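Here the structure is laid out as structure tokens; the discussion comes afterwards.
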Protein chains: 2
Amino acid sequence: MREELRARLRDSGLRLTPQRELILDAVQHLGHATPDEVLAHVRTTSSAVNLSTVYRTLEVLEDVGLIRHAHLADRAPTYHAVTDHEHFHLVCRNCGRTISVDTHVARGFAARLRELHGFEADLPHLTVFGTCCAADPSDHPDHPDPDPGSHA
Amino acid sequence: MREELRARLRDSGLRLTPQRELILDAVQHLGHATPDEVLAHVRTTSSAVNLSTVYRTLEVLEDVGLIRHAHLADRAPTYHAVTDHEHFHLVCRNCGRTISVDTHVARGFAARLRELHGFEADLPHLTVFGTCCAADPSDHPDHPDPDPGSHA
DNA sequence: TTCCATGCAAACACTTTGCACCGTG
DNA sequence: CACGGTGCAAAGTGTTTGCATGGAA
């Protein structure tokens, strides 16, 4: 993996650094993580890295195509490795849970947008808000209110 | 319309104020507007209103069901009146344009999510990023880079 | 006359930037 | 040893909050 990373970076004239390796590892390990969570994880596995480095590195890793991001809540971009199978997200406003769905489920929808509007949807970036159950947030204490506002 | 607003507010034990009227008018007039744009518009049609009042009022208007919001760019909630026909949005990363699409186009997609995951999608809140053309941003100078990052 | 709403300013959370030093290639 | 990367601290955005005053019902 390190060599894959090194190669991708080199192709863009960029360098492999321990921080970039650590941050990529963190993203791969965490699944869907915010910059803050990435930082927290890196700090457990190793010495400190600066928050601004995390931001800059996540951008670089996305540029070279190794990670992607989606907006699972109003103020929280989350990053995940592209090696995961292609998926998009459903976010429940009641219980706060996030469901990953294979992009093939949205293929028909994407085809329709293509026909009607000549629009090529970026499915892996898609996040659909809604409700998966009637339970209230207290059932999932870890997931505070994602994107409220919408006349829930 | 003022009476509709007054009624909705009263039902929640809230009051009709000139600011609330002005802000609702602005949202209806602008179509899709950010809090800043709403403020700017209110200021052209009338005396000043405070930004924090705009935020608080947009929240209230959404709570009573008169407006809704969607995320057309990374850090930019835009509000629109619910009286518009139900629609969701396509945002092109190349030209920056926003396309409104009737929610019935996504009905099949929503049905699939319901079957597979028991998930009820909030279609009017949906925003799909992608590309509608090969043109670069310079073609639409008014629309700066919506949600970049995603390995464009 | 009672609360709700507003304005103002400060506080906030998140992200970006400038700059000097460090380290990869 | 050149140039890209990092850390640190400061500056930005966009949004929220506390509090005293103002106004709708």
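Within every chain, numbering begins at 1; the chains are lettered A, B, ... in the order of the sequence lines, protein sequences first and strands thereafter. Note that the coordinates shown come from a computational prediction; the quantities given were computed from them, not determined experimentally.
In this structure, CG of B:Leu9 is placed 15 Å from C1' of D:dG23, rounded to the nearest angstrom. Nucleotide C:dC14 holds its P atom 13 Å from the CG atom of A:Leu39, rounded to whole Å. For B:His71 and D:dT15, the NE2 to P distance is 10 Å, given to the nearest whole Å. We find that CG of B:Leu51 is positioned 15 Å from P of D:dT17, with the value rounded to whole Å. B:Leu5 places its CG atom 14 Å from the P atom of D:dA24, with the value rounded to the nearest Å. For A:Leu22 and D:dT6, the CG to P distance is 10 Å, given to the nearest whole Å. Atom CD in B:Glu59 sits about 15 Å away from atom C1' in D:dG14, given to the nearest Å. Rounded to a whole Å, the CG atom of A:Leu58 is 13 Å from the C1' atom of C:dC14.
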Are B:Arg56 and B:Glu59 close enough, and set up right, to give a salt bridge (Lys or Arg N to Asp or Glu O under 4.0 Å), and what steps lead you there?
CA-CA 5 Å; B:Arg56 288 188 276 227; B:Glu59 191 180 346; over 6 Å; no
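Side-chain proximity of B:Pro77 to C:dC8, D:dT15, D:dG5: nearest is D:dT15. Of the candidate nucleotides D:dT16, D:dT6, C:dC14, D:dT6 has the atom lying nearest to any side-chain atom of A:Arg20. Considering only the side chain of A:Arg15, C:dG23 comes nearest among C:dG7, C:dA5, C:dG23. You'll find that the side chain of B:Ser52 is closest to D:dT16, out of D:dT16, C:dA5, C:dG18.
Between the side chain of A:Arg56 and the base of D:dG7 there is at least one donor-acceptor pair of N/O atoms closer than 3.5 Å.
Side-chain atoms of B:His85 and B:His87 include no donor-acceptor pair closer than 3.5 Å. When only modelled atom types and interatomic distance are considered, A:Asn50 and A:Ser52 share a side-chain donor-acceptor pair under 3.5 Å. Side-chain atoms of A:His41 and A:His29 form a donor-acceptor pair, as typed in the model, at a separation below 3.5 Å.
A centroid separation of less than 6.0 Å is found between the aromatic rings of B:His125 and B:His69.
B:Leu14 comes within 4.0 angstrom of sugar-phosphate atoms only, judged by non-hydrogen atoms across all strands, and of no base. Residue A:Val49 is classed as a sugar-phosphate contact, given heavy-atom separations below 4.0 Å to backbone atoms only. Across all strands shown, A:Leu16 has heavy atoms under 4.0 Å from sugar-phosphate atoms exclusively, and none from any base.
For the pair B:Gln19 and D:dG23, the criterion of a side-chain N or O lying under 4.0 Å from OP1 or OP2 is not met. A close approach under 4.0 Å does not occur between any side-chain nitrogen or oxygen of A:Asn50 and OP1 or OP2 of D:dT6. One finds no side-chain N or O of A:Arg10 lying less than 4.0 angstrom from the OP1 or OP2 phosphate oxygen of C:dG25. In terms of phosphate contacts, A:Thr17 brings a side-chain nitrogen or oxygen within less than 4.0 Å of OP1 or OP2 of D:dT6. Phosphate contact (OP1/OP2 of D:dA25, side-chain N/O of B:Arg6, threshold under 4.0 Å): present.
Remark: A:Arg112 does not engage A:Glu115 in a salt bridge, criterion side-chain N to carboxylate O under 4.0 Å.
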